[in-house]
Amino acid sequence: GWMTDHDGKLRAAVAIVDGVNTQLLYRDTEEEPFRPVLTTNFKDVVSFMEFTPDNREVYAATNLGRDKTVLVRMNPATCEELELLYEDDRYDVESISYSRKRKKLLSVYCTGHKEPVRHYFDEEERLLRKRIGEHFPGRRFGMADSDKAEEHYLVYVGGDRTRGAYWLYDATTDQVTHMADLAPWLDEAEMNEMLPVSYTTRDGLHIEAYLTLPDGLSLDEARNLPVVVNPHGGPWARDTWGFSSEVQFLANRGYAVFQMNYRGSTGYGRRFLEASYKQWGLRMQDDITDGVKWLIGQGIADPARIAIYGGSYGGYATLAG
């Protein structure tokens with residue numbers, strides 16, 4: 001990977017040095033050779049995200065010496081942490097927003113269970129997103145791009161029952177214009193809601209999961225349903241709330257679909273990730289089993305009609321299950 005500063009100068013690079021360790025390389029100017037400044041293993045995260053406005057320091061995501069990945073201001077020449085800017089007690093920092101026009105850090109983002117976690121460093125940015133959100137009540141939206149004047153924004157708007165659409169937002173007039181639907185042939189009214197649920201494993205881990213019910217059923221109405229358990233791949237990945245064609249296909253055929261972020265899923269911190277080490281088919285599988293037992297205990301699942309299906313690590317979990 002490569003990273004330029006705000007003048008377009010190539011200043012930082014990321015190299016995988018032996019298949020396990022990651023090395024950060026840095027230089028003050030393009031006339032200098034790159035020099036290694038930090039080598040980390042697969043347990044540690046140090047990721048340069050953006051240079052500070054003066055091009056001297058970086059905003060970085062890191063979990064060095066802590067459980068969750070946080071946002072810090074860092075010296076890129078030494079990887080010394082200069083200031084903690086944001087940390088969440090539940091989730092890892094995932095991305096930031098930065099204004100090139102105003103040369104300012106705007107916000108930081110974490111993927112939540114359903115609602116995103118966003119912390120603002122800039123009031124103007126908060127109000128902008130609030131205005132955009134008022135055009136799309138009950139929807140999830142994100143900034144796909146903007147013009148250099150930061151007056152017109154391409155906005156993705158989606159949810160759990162639609163592939164979504166792109167809209168153009170004019171910040172000078174507070175007007176939105178529909179650009180394109182991603183899958184206009186899908187009728188949202190025929191899709192099913194993805195419900196965020198959670199349960200506790202036999203050894204006390206909190207697991208966030210998603211349950212999609214068929215036929216527009218509510219959680220109170222769901223009783224003795226056939227269930228397809230669909231563990232995600234990776235395993236160092238995660239399921240998120242939103243549209244899934246596979247899930248909707250199965251729910252359309254009358255199945256409840258159950259997805260869970262078992263230990264080893266990303267975004268929940270170092271301890272949750274490392275709890276999966278050497279636990280393929282063991283405690284990771286227990287997390288899936290415990291979720292199914294929770295479904296049965298809630299009366300949602302018919303114990304005689306439960307299947308498991310998945311790809312990648314989800315395929316491994318299918319064989320183990």
Side-chain angles (χ1 to χ4, degrees), residues 1-89 91-111 116-122 125 142-146 148 150 234 236-238 264 266-274 277:
W2 305 94
M3 183 176 172
T4 60
D5 62 20
H6 298 298
D7 296 326
K9 305 296 185 182
L10 196 58
R11 300 273 303 281
V14 181
I16 306 297
V17 290
D18 57 9
V20 176
N21 295 320
T22 300
Q23 193 170 76
L24 283 169
L25 302 104
Y26 174 77
R27 62 187 182 185
D28 291 311
T29 69
E30 288 190 322
E31 287 67 45
E32 299 176 10
F34 278 107
R35 61 185 186 276
V37 292
L38 183 72
T39 300
T40 58
N41 64 25
F42 57 92
K43 296 182 180 182
D44 297 324
V45 174
V46 178
S47 176
F48 295 173
M49 305 181 83
E50 193 83 54
F51 274 88
T52 54
D54 60 8
N55 285 330
R56 294 180 179 178
E57 298 164 355
V58 293
Y59 302 118
T62 179
N63 70 351
L64 291 183
R66 47 173 61 93
D67 177 48
K68 301 295 190 295
T69 299
V70 303
L71 180 67
V72 303
R73 187 168 53 83
M74 181 175 281
N75 180 346
T78 62
C79 289
E80 175 192 1
E81 184 179 316
L82 303 173
E83 180 186 6
L84 174 63
L85 298 174
Y86 178 76
E87 63 180 329
D88 189 87
D89 60 359
Y91 306 113
D92 292 331
V93 162
E94 186 173 306
S95 63
I96 61 173
S97 294
Y98 182 88
S99 170
R100 298 195 182 281
K101 176 187 176 184
R102 295 193 285 136
K103 299 181 179 178
K104 191 173 186 181
L105 178 65
L106 302 179
S107 65
V108 59
Y109 174 88
C110 307
T111 298
V117 177
R118 187 177 294 277
H119 174 79
Y120 293 96
F121 300 102
D122 179 72
E125 171 75 356
M143 309 288 208
D145 210 343
S146 74
K148 289 184 178 180
E150 297 181 5
W236 289 0
R238 69 181 291 176
T266 53
Y268 297 97
R270 180 197 294 264
R271 286 192 293 270
F272 192 83
L273 183 70
E274 294 181 8
Y277 292 176

- Message: For the OG1 atom of T4 and the CD atom of E50, what is their distance to the nearest 0.5 Å?
- Response: 8.0 Å
- Message: Could you report the tightest heavy-atom contact between V37 and P76, atom names first, then the distance?
- Response: CG2-O, 3.7 Å
- Any residue meeting side chain to side chain donor-acceptor pair (under 3.5 Å) with D92, in chain and number order, not counting sequence neighbours: none
- Query: Who are the salt bridge (Lys or Arg N to Asp or Glu O under 4.0 Å) partners of E94, not counting sequence neighbours?
  - Reply: none
Scan the side chains in residues 12-20 for donor-acceptor partners under 3.5 Å anywhere in the protein, sequence neighbours excluded, and list what turns up.
from: D18; atom 1: OD1; to: V20; atom 2: N; distance (Å): 3.0
from: D18; atom 1: OD1; to: N21; atom 2: N; distance (Å): 2.8
from: D18; atom 1: OD2; to: N21; atom 2: ND2; distance (Å): 3.2

- R118 CZ to Y86 OH distance, which is reported to the nearest 0.5 Å: 11.0 Å
- Inter-residue atom distance L106.CG - F121.CZ, 0.5 Å rounding: 9.5 Å
- Measure the NZ-OH distance between K104 and Y98 for me, rounded to the nearest 0.5 Å. 11.0 Å
- Note on the structure: Closest heavy-atom pair, L82 versus M74, reported as atoms and distance to 0.1 Å, is CD1-C, 3.9 Å
- Do any pairs count as a salt bridge (Lys or Arg N to Asp or Glu O under 4.0 Å) and have a residue in residues 7-17, sequence neighbours left out, and if so which ones? D5-R11
- Y26 versus A77, closest heavy-atom pair with distance: CD2-CA, 3.7 Å
- Task: State, to 0.1 Å, how close D122 and L105 come at their nearest heavy-atom pair, and which atoms those are.
- Result: CB-O, 4.3 Å
- Take the angle between the ring planes of W236 and Y277 and call it parallel below 30°, perpendicular above 60°, tilted in between. tilted
- Item | Stepwise side chain to side chain contact (heavy atoms under 4.5 Å, CB included) check, E83 with L85 | CA-CA 6 Å; E83 180 186 6; L85 298 174; 3.6 Å; yes
- Message: Is it true that, when you exclude R56 itself, more than 12 heavy atoms of the residues, nucleotides or ligands shown sit nearer than 6.0 Å to its CZ?
- Response: no
- ring pair (Phe, Tyr, Trp, His ring centres under 6.0 Å) filter on Y91, not counting sequence neighbours, yields Y268
- Given the rule in the side chain to side chain contact (heavy atoms under 4.5 Å, CB included) test, do H6 and R100 qualify, once you have shown the distances and angles that lead to the verdict? CA-CA 8 Å; H6 298 298; R100 298 195 182 281; 3.3 Å; yes
- Note on the structure: Here the pair of heavy atoms bringing C110 nearest to D88 is SG-CB, 4.2 Å
- Could you grab the distance from atom CZ of R27 to atom CZ of R35, nearest 0.5 Å is fine? 10.5 Å
- In Å and rounded to the nearest 0.5 Å, what is the CZ to NZ distance from F272 to K68? 10.0 Å
- Note on the structure: Sorted by chain and residue number, the side chain to side chain donor-acceptor pair (under 3.5 Å) partners of D145 (sequence neighbours excluded) come out as none
- Task: List for me each residue that meets salt bridge (Lys or Arg N to Asp or Glu O under 4.0 Å) alongside E150, sequence neighbours excluded, and say none if there are none.
- Result: none
- Task: Determine, step by step, whether L64 and E81 satisfy the side chain to side chain contact (heavy atoms under 4.5 Å, CB included) criterion, reporting the C-alpha distance in whole Å, the side-chain angles of both residues, the deciding distance to 0.1 Å, and the verdict.
- Result: CA-CA 10 Å; L64 291 183; E81 184 179 316; 5.9 Å; no
- In chain order, what residues pass the salt bridge (Lys or Arg N to Asp or Glu O under 4.0 Å) check against D67, with sequence neighbours excluded? R271
- Of all heavy-atom pairs between Q23 and T39, which one has the smallest distance, and what is that distance? NE2-OG1, 3.2 Å
- Message: Among residues at least two apart in sequence or on other chains, which ones pass salt bridge (Lys or Arg N to Asp or Glu O under 4.0 Å) with K103?
- Response: none
- Listed once per pair and sorted, the salt bridge (Lys or Arg N to Asp or Glu O under 4.0 Å) pairs that draw on residues 39-48, sequence neighbours left out: D44-R270
- Using side chain to side chain contact (heavy atoms under 4.5 Å, CB included) as the criterion, list what pairs up with V45, not counting sequence neighbours. N63, T69
- Those residues at least two apart in sequence (or on a different chain) that pass side chain to side chain contact (heavy atoms under 4.5 Å, CB included) with T52 are D54, E57, Y59, R73
- Item | Pair E125 + R102, salt bridge at N-O below 4.0 Å | no
